[in-house]
Protein chains: 2
Amino acid sequence: MNHEVFSELDLTSLLSLSFRTSINELHDRLSELGFGDIRPAHGFMFKCITPKGATGIELAEYLGITKQAVSKMVDYLENCGYVMRKAHPTDKRGKIIVLTERGWLVAKAKEKILTEIEQRWIENIGAERLQMLKEDLSKLVYKENEGKLSLRSRPVW
Amino acid sequence: MNHEVFSELDLTSLLSLSFRTSINELHDRLSELGFGDIRPAHGFMFKCITPKGATGIELAEYLGITKQAVSKMVDYLENCGYVMRKAHPTDKRGKIIVLTERGWLVAKAKEKILTEIEQRWIENIGAERLQMLKEDLSKLVYKENEGKLSLRSRPVW
DNA sequence: AATTATGGTCAATTTGATTGACTACATTGC
DNA sequence: GCAATGTAGTCAATCAAATTGACCATAATT
């Protein structure tokens, strides 16, 4: 398999492939650490739950999915021992989803692995280029979404 | 919504968001052109079918999914009038999947839209930066997969 | 010629998401 | 203050994309 193969790919395909590559490594590593029941779909949720918890509606908006989908995901993660539903302090209808201890463990492991992946990328393309890459991607995501973000630009992790 | 928000995101999240952003625009545009029945999952298949067709097994390997999944996808695309199953010239077990005229229309529209998206990105970050971005992503996808590509790095488009 | 391997489909199941219906509580507006 | 409307969450049914397992027909191997 030759490097040249990828140069001919359009940007969208490249973004897809590099995302899949990262996410595959992340989940392989999480599996090795005993977090095999965490799947790609769950990942971004953790970012919204930390540090002080979130309601289902907040998660739904953040992830760009329906509250029903969030509810099911929380069922699963609660069952696996990663999150807990707590009563909302002021709104008796609402619940707050918070991380359990095990939830915090996986969140920290995720953080560490992502940092390591980024570190290895720095070794490949250099710190400046990685910095530029991140800046450019940030700019693009921002420009293209102009305020309407988190409606359909939902991350998979 | 502030640009700063994204700078704090890790690389993996950025890749996810920028990919989603591109793919959303692509499919919005395809919908406007009357190709609303094409969904993100189908996209990368076209790249493998063009120009001279492909067998189910080839598609499965290229996409990194099972042959059964390919078969179903082809059922759907055939039903929508984008592809056709033809008899394999030498192997009586096999079939070749080729694009119909409508299939070619959507493939060309896709090409055009992706080029336009890339063009707009050039206006945002400049041609040099975009070139660098593509080179860096290519290098990373290549390095990280080292030969074992197309097994799990399956594109979603 | 018999065995094994391969290309493709059928059927059942899993995962992640959807739409629609419903309950319990909150907010608004006379 | 209470009736109308709105909102947080769940239940149920369904869809989309993929999986595993079983199977058939043809090819390749020995």
Side-chain angles (χ1 to χ4, degrees), chain A residues 16 20 23-24 27 31 36-46 48-49 53-80 83-98 150-157, chain B residues 16 20 23-24 27 36-45 48-49 53-80 83-98 150-157:
Chain A
S16 173
R20 301 296 297 193
I23 213 71
N24 282 345
H27 283 276
S31 265
D37 45 7
I38 295 286
R39 285 191 294 270
H42 307 131
F44 259 102
M45 185 176 264
F46 281 72
C48 191
I49 295 179
T55 68
I57 295 280
E58 281 166 355
L59 285 171
E61 267 173 27
Y62 180 73
L63 296 172
I65 58 178
T66 59
K67 56 184 182 170
Q68 293 93 321
V70 167
S71 191
K72 274 202 194 174
M73 237 188 236
V74 172
D75 283 349
Y76 177 82
L77 290 174
E78 192 167 42
N79 212 267
C80 296
V83 304
M84 266 178 16
R85 283 171 165 103
K86 294 208 319 190
H88 194 286
T90 60
D91 190 334
K92 279 185 189 163
R93 295 169 303 178
K95 297 174 186 174
I96 319 183
I97 294 119
V98 294
S150 103
L151 271 168
R152 294 190 48 232
S153 321
R154 167 178 56 93
V156 179
W157 227 97
Chain B
S16 174
R20 301 296 298 193
I23 213 71
N24 282 344
H27 283 275
D37 44 9
I38 295 286
R39 288 191 292 268
H42 307 131
F44 260 101
M45 185 176 263
C48 190
I49 295 179
T55 67
I57 296 280
E58 281 167 357
L59 285 171
E61 266 172 28
Y62 181 73
L63 296 172
I65 59 178
T66 59
K67 56 185 182 171
Q68 293 92 322
V70 167
S71 191
K72 275 204 194 171
M73 234 189 237
V74 171
D75 283 349
Y76 176 83
L77 290 174
E78 193 168 41
N79 212 267
C80 295
V83 304
M84 265 178 17
R85 283 169 166 104
K86 293 208 319 192
H88 194 285
T90 60
D91 189 333
K92 279 184 189 161
R93 294 168 303 179
K95 297 175 185 173
I96 318 185
I97 295 118
V98 293
S150 104
L151 270 170
R152 293 190 48 232
S153 322
R154 169 179 54 94
V156 179
W157 225 97

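Below, read A as the first sequence line, B as the second, and so on, with proteins coming before strands; counting in each chain starts at 1.
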- Task: Could you tell me whether the side chain of A:D37 reaches within less than 4.5 Å of the side chain of A:H42, counting heavy atoms only?
- Result: no

- If you look at every strand shown and take non-hydrogen atoms under 4.0 Å, does A:K95 touch a base, only sugar-phosphate, or nothing? sugar-phosphate

- Within this structure, what is the CZ-to-P distance between B:R39 and C:dG16, rounded to whole angstrom? 18 Å

- Roughly how many Å is it from CD1 in A:I38 to P in C:dG16, rounded to a whole number? 11 Å

- Interatomic spacing from NZ in B:K95 to NZ in B:K86 - rounded to 0.5 Å: 14.5 Å

- Note on the structure: In this structure, OG of B:S71 is separated from CD1 of B:I97 (nearest 0.5 Å) by 8.0 Å

- Choose from D:dA18, D:dG9, C:dA17 the nucleotide whose nearest atom is closest to any side-chain atom of B:I65. D:dA18

- Min side-chain heavy-atom separation B:R20-B:S16 under 4.5 Å: yes

- Query: Rounded to whole angstroms, how far apart are CG on B:D75 and C1' on C:dA11?
  - Reply: 13 Å

- Item | Value in whole Å for how far the C1' atom of D:dA13 lies from NZ of A:K72 | 9 Å

- Report the distance from atom CZ of A:F46 to atom CD1 of A:I49, rounding to the nearest 0.5 Å. 6.0 Å

- Task: Find the distance A:I57:CD1 to D:dT10:P and express it as a whole number of Å.
- Result: 10 Å

- Note on the structure: Scoring nucleotides 21-29 of chain C by protein non-hydrogen atoms under 4.0 Å (B base, S sugar-phosphate only, - none) yields ---BBS---

- A:G94 or B:Y76: which one's nearest nucleotide on DNA chain D is closer to the 5' end? A:G94

- Message: Less than 4.5 Å apart, side chain to side chain, heavy atoms only: is that true for A:E58 and A:E61?
- Response: no

- Message: Given C:dA17, C:dT13, C:dG16, identify the nucleotide with an atom nearest to the side chain of A:M73.
- Response: C:dA17

- For B:L59 and C:dT9, what is the distance between atoms CG and C1' respectively, to the nearest whole Å? 15 Å

- State the CG-CZ distance between A:D75 and A:R85, to the nearest 0.5 angstrom. 4.5 Å

- Task: May I ask you to verify if any side-chain N or O of B:S71 is less than 4.0 angstrom from the OP1 or OP2 atom of C:dT9?
- Result: yes

- A:L77 CG to C:dA17 P: how many Å, rounded? 11 Å

- Query: Can you tell me how far C1' of D:dT10 sits from CZ of A:R85, to the nearest Å?
  - Reply: 9 Å

- Which nucleotide in D:dA16, C:dT19, D:dT20 has an atom nearest any side-chain atom of B:T66: D:dT20

- Query: A:M45 and side chain to side chain contact (heavy atoms under 4.5 Å, CB included): which partner among A:I38, A:V83, A:L63, A:I65?
  - Reply: A:L63

- the helix from C:dA1-D:dT30 to C:dC30-D:dG1: angle between terminal helix axes, five bp per end, to the nearest 10 degrees, reads 20°

- Note on the structure: A:A54 and A:C48 have their tightest heavy-atom pair at CB-O, 3.9 Å

